[in-house]
Amino acid sequence: MKEILINYMKKYSDRSEAELDKVASDVVITPFNKGTVLLQQGEVIEQCFFILKGCIRKFSVSESGKETTVEFYTEEQSVTIFHPHGLSDQPSKYSLECVEDCVLVVGDLSEEQVVYDTNPGLETMILKMVEGDMGEIHDHFAAFISSTPEERYQSILENRPELLKRVPQHQLASYLGITPESLSRIKKRLGSSQI
C-alpha cells in the first residue's frame, strides 16, 4: 500500500524517491471495515484521510431524518472536511462512512504542524494536492448543479463507472438527488448495455 502513496506523492513533488519513502514511512496506514463511521455528523473533525483502497461516503442527515449523500471518495482521493478559517472546533455538518473495506492514511489534524516541521516540503506538496482536489470538486459541482438527474447519471457512467458496482443503489440515487425508483427508470431508459 505504501507504494500507492509514494506514486501519488510523485505527482505533486520533485523530492527523491528516498525522501518520499521516508514521508510514507512516517504516516499511519489503517484498515477499516465496511460500515465503519469515521466521522459522525455533529462531531468535531480531528482527522483527515487519504484512500489507498476502498470507498468512503460523505453524507448528512436533516432534522427531519432525510439522508443526503454528498460525495463518494475512492482510491487516491483525500477526504477532508473544511471549516472556515479559525473555526476548526465547530461540529461537522457531515458524516463519513466506509462503503467498502478500506485502507486509509489517517492524519491527525492536531499534529499537522509537527508533521510539517518534521518533513520539510510536505506542506507545499499537501497544498498542491488540496488545490488539485479543490479544482476538481469545483468543476464537478458546477457541472452537477447545471445538469439533469439523467445527465448526472450519464456523467457517472462516463467518469466513475466503478461506483455503479461499489455503491448501493439507494446511496447512488441520494447522491444524484433522486429516488431509487427514478434511478431505476433512468437506467431502464438508457438501456442495460450501459449499466
Side-chain angles (χ1 to χ4, degrees), residues 1 4-5 8 27-112 115 126 129-145 147 149 152-153 155-156 159-183:
M1 289 291 156
I4 295 170
L5 180 60
Y8 182 77
V27 301
V28 177
I29 298 175
T30 308
F32 293 91
N33 292 326
K34 176 181 178 177
T36 300
V37 176
L38 302 168
L39 175 69
Q40 188 71 45
Q41 186 174 333
E43 292 178 347
V44 174
I45 301 161
E46 297 176 349
Q47 297 176 315
C48 59
F49 307 94
F50 179 80
I51 303 174
L52 297 172
K53 179 178 179 268
C55 180
I56 293 175
R57 175 174 75 114
K58 177 179 171 183
F59 68 98
S60 64
V61 180
S62 70
E63 288 184 20
S64 65
K66 181 183 179 199
E67 192 174 279
T68 302
T69 299
V70 178
E71 188 60 82
F72 293 104
Y73 301 94
T74 56
E75 288 81 9
E76 294 191 16
Q77 289 188 303
S78 58
V79 184
T80 305
I81 298 175
F82 295 101
H83 284 305
H85 183 66
L87 299 176
S88 60
D89 61 345
Q90 295 296 305
S92 173
K93 296 178 182 178
Y94 305 100
S95 293
L96 297 172
E97 175 186 38
C98 296
V99 177
E100 301 173 330
D101 290 342
C102 293
V103 178
L104 309 175
V105 173
V106 181
D108 184 337
L109 295 175
S110 67
E111 298 290 319
E112 184 177 29
V115 173
I126 297 290
M129 291 176 182
V130 169
E131 286 173 348
D133 285 350
M134 293 305 287
E136 285 180 26
I137 289 168
H138 177 46
D139 291 346
H140 170 75
F141 183 71
F144 186 87
I145 290 297
S147 60
R152 293 174 193 156
Y153 180 76
S155 176
I156 288 175
N159 302 306
R160 299 183 78 187
E162 76 282 357
L163 287 181
L164 301 177
K165 294 179 181 158
R166 298 175 77 173
V167 172
Q169 180 159 319
H170 71 279
Q171 291 177 359
L172 186 61
S174 171
Y175 174 66
L176 295 171
I178 57 177
T179 65
E181 296 77 19
S182 294
L183 178 55

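As a basis for the values below, the full set of heavy atoms in this structure was taken, side chains included, without hydrogen atoms, waters or symmetry mates. Residue numbers run from 1 in the order of the sequence given. Computed from a predicted structure; not experimentally measured.
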Legend entry - CD on Q90 to CD1 on I45, rounded to 0.5 Å: 10.0 Å
Inset, instruction - Would you give the length of the straight line joining atom CD of E67 to atom OG of S62, rounded to the nearest 0.5 angstrom? - result: 10.0 Å
Inset, instruction - Would you indicate whether the side-chain heavy atoms of Y153 and L164 approach each other to under 4.5 Å? - result: yes
Inset, instruction - Flag the pair C48 / L109 as yes when at least one side-chain heavy-atom distance between them is below 4.5 Å, and no otherwise. - result: yes
Inset, instruction - Run through T179, L183, I178 and flag the one making a side chain to side chain contact (heavy atoms under 4.5 Å, CB included) with E181. - result: T179
Legend entry - Polar side-chain atom of R152 near backbone of L176 as donor-acceptor pair, under 3.5 Å: yes
Legend entry - CG-NZ distance between L38 and K58, expressed to the nearest 0.5 angstrom: 13.5 Å
Inset, instruction - Report yes if some heavy atom in the side chain of T69 is under 4.5 Å from a heavy atom in the side chain of V167; otherwise report no. - result: no
Inset, instruction - Mind listing the closest non-hydrogen atom pair of G54 and I51 along with its distance? - result: O-CG2, 3.5 Å
Inset, instruction - Measure the spacing between CG of L39 and CD of Q47 and express it to the nearest 0.5 Å. - result: 9.0 Å
Legend entry - Backbone of Y94 reached by a side-chain donor or acceptor of S92 within 3.5 Å: yes
Legend entry - Non-hydrogen side-chain atoms of Y8 and V105 separated by less than 4.5 Å: no
Legend entry - Polar side-chain atom of Q169 near backbone of P180 as donor-acceptor pair, under 3.5 Å: yes
Legend entry - Under 3.5 Å: donor-acceptor pair, side chain of R160, backbone of F72: yes
Legend entry - Heavy-atom side-chain proximity of V106 to F49 below 4.5 angstrom: yes
Inset, instruction - Could you tell me the separation between the SG atom of C102 and the NZ atom of K34, rounded to the nearest 0.5 Å? - result: 10.5 Å
Inset, instruction - Could you tell me whether the side chain of T74 reaches within less than 4.5 Å of the side chain of R166, counting heavy atoms only? - result: yes
Inset, instruction - Evaluate side chain to side chain contact (heavy atoms under 4.5 Å, CB included) for Y175 paired with I156, printing each intermediate quantity in order. - result: CA-CA 11 Å; Y175 174 66; I156 288 175; 3.8 Å; yes
Legend entry - Inter-residue atom distance F50.CZ - E76.CD, 0.5 Å rounding: 5.5 Å
Inset, instruction - Over all heavy atoms of both residues, which pair between F32 and C98 is shortest? Give the atoms and the distance, please. - result: CB-SG, 3.8 Å
Legend entry - Test item: N33 side-chain N/O and D101 main-chain N/O as donor-acceptor pair under 3.5 Å: no
Legend entry - T30 side chain vs L104 backbone, donor-acceptor pair below 3.5 Å: no
Legend entry - pair Q171-E97: side-chain heavy atoms closer than 4.5 Å: yes
Inset, instruction - Please report the shortest heavy-atom distance between Q41 and S60, naming the atom on each side. - result: OE1-CA, 3.2 Å
